[in-house]
A.B. asks: 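First, the structure itself, so that you have it in front of you.
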Amino acid sequence: SDLRQMFTTKSVENIQFLPFLTTDVNNLSWLGYGVLKQDWTLIAVNAVGATLQTLYVLVYLYYSPAKVGGGRVAQCGDSGGVTLALTAPSPPQRPVLLRSLLLLAVLAAGYGYFALLIEDARTRLARLGLFCSVFTISMYLSPLADLAKIVRSRSARCLSFPLTVTTFLASTSWTLYGLQLRDPYITVPNVPGIVTSVVRFWLFWRYPPGQDKPYRALHA
């Protein structure tokens, strides 16, 4: 839906960049783990995910203007009227580019560490699995601050119900898959996804979106 919105509006207003970036890193990390483990399920799912997230990042960079010097400018005329002037599109915001470059640096450093410095295949698989697990857990736990804000504001309108359902189903599926393979690196990091999804479901029940006041979108 975010990708469709960017194509339709040709802007990135109210769309956060960090989730695209972190999810891309997560997919690429698990893709590397799947390659080392020779698990075609991990390879196929995360290859598709990494491709889509990279597409989201590129589209975001394309439609991301600078905060100053681009877009519409409102000017008040002598008669009190307001004139809208369109300025030329500006290059992407510097923080967005810095985060993208940081992603490339992290991926390059990770590849050098796991591929060149660790010779033993089992050790390499274990350490990469640990890295993927920690990163996935941090992704699932990062919205907890926003969930606390929702409780204080008594408004769940900034939560996405389809995304919550998708996260719950994906986390449950990967947890069961990890249990089947007896792989704790797959099982453990997806349990927080189930827990946070259940918390979100409770928030939807406790603070129905249609029964609250107008809200401001929460930003990470």
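This is a predicted model, so every value here is computed, not measured.
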A.B. asks: With hydrophobic residues grouped by side-chain heavy-atom distances under 4.5 Å, do L141 and L203 end up in a single group?
C.D. replies: yes

A.B. asks: Is there a donor-acceptor pair under 3.5 Å between the side chain of R124 and the backbone N or O of I118?
C.D. replies: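 It does hold such a pair.
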
A.B. asks: Above 12 or not: heavy atoms from other molecules or residues under 6.0 Å from CH2 of W202?
C.D. replies: yes

A.B. asks: Hey, what's the ring geometry for Y33 with W30, parallel, tilted or perpendicular (30° and 60° as the breaks)?
C.D. replies: perpendicular

A.B. asks: Just verifying a value: how many Å separate F135 CZ and T22 OG1, rounded to the nearest 0.5 Å?
C.D. replies: 5.5 Å

A.B. asks: What are the two closest non-hydrogen atoms of S133 and P189, and how far apart are they?
C.D. replies: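 Result for this residue pair: O-CB, 3.5 Å.
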
A.B. asks: Any side-chain heavy-atom pair from T41 and W174 closer than 4.5 angstrom?
C.D. replies: yes

A.B. asks: Is it the case that the side chain of T187 and the backbone of L179 share a donor-acceptor pair, with hydrogens and angles ignored and the cut-off at 3.5 Å?
C.D. replies: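 Yes, the answer is positive, given that a donor and an acceptor are paired below the 3.5 Å cut-off.
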
A.B. asks: Is it true that N26 and T136 share a donor-acceptor pair across their side chains at a distance under 3.5 Å?
C.D. replies: yes

A.B. asks: Specify the closest pair of heavy atoms between F131 and S29, including all atoms of both residues, with the distance to one decimal.
C.D. replies: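 It is CE2-OG, 3.4 Å.
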
A.B. asks: Assigning hydrophobic clusters by single linkage (Ile, Leu, Val, Met, Phe, Trp, Tyr; side-chain heavy-atom cutoff under 4.5 Å), is V48 placed with L58?
C.D. replies: no

A.B. asks: Under a 4.5 Å cut-off applied to non-hydrogen side-chain atoms, are P192 and I137 in contact?
C.D. replies: yes

A.B. asks: Would you say L169 ends up clustered with I194 if hydrophobic residues are merged whenever their side chains have heavy atoms under 4.5 Å apart, either directly or through other cluster members?
C.D. replies: yes

A.B. asks: Side-chain contact, heavy-atom cut-off 4.5 Å: N27 with L31?
C.D. replies: no

A.B. asks: To the closest 0.5 Å, what do you measure between NZ (K37) and CG (L128)?
C.D. replies: 11.5 Å

A.B. asks: So, taking the atom named OG1 in T23 and the one named OH in Y56, what distance separates them when rounded to the nearest 0.5 Å?
C.D. replies: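 Interatomic distance, T23 OG1 to Y56 OH, rounded to 0.5 Å: 10.0 Å.
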
A.B. asks: Using side-chain heavy atoms (C-beta onward) and a distance below 4.5 Å, is D39 in contact with Y177?
C.D. replies: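 Yes, their side chains come closer than 4.5 Å.
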
A.B. asks: Go through the side-chain N and O atoms of S171 and Y140 and say whether any donor and acceptor fall under 3.5 Å apart.
C.D. replies: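 Present: a donor and an acceptor within the cut-off.
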
A.B. asks: Taking the side chain as every heavy atom from C-beta outward, state whether V25 and Q53 have any atom pair closer than 4.5 Å.
C.D. replies: no

A.B. asks: Side chains of Y113 and R127: closer than 4.5 Å at any heavy-atom pair?
C.D. replies: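 Y113 vs R127: side chains touch.
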
A.B. asks: As an exercise, state the distance from OH of Y185 to CG of L130, rounded to the nearest 0.5 Å.
C.D. replies: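 With rounding to 0.5 Å, OH (Y185) is 6.0 Å from CG (L130).
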
A.B. asks: Should L176 and T172 count as side-chain neighbours, where that means a heavy-atom distance under 4.5 Å?
C.D. replies: yes

A.B. asks: Can you give me the closest heavy-atom contact between T167 and S197, atom names plus distance?
C.D. replies: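 Between these two residues, the closest heavy atoms are CG2-OG, 3.5 Å.
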
A.B. asks: Would you indicate whether the side-chain heavy atoms of L28 and N46 approach each other to under 4.5 Å?
C.D. replies: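 No, side chains not in contact.
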
A.B. asks: What's the shortest heavy-atom distance between V57 and D24, and which atoms?
C.D. replies: CG2-OD2, 4.4 Å

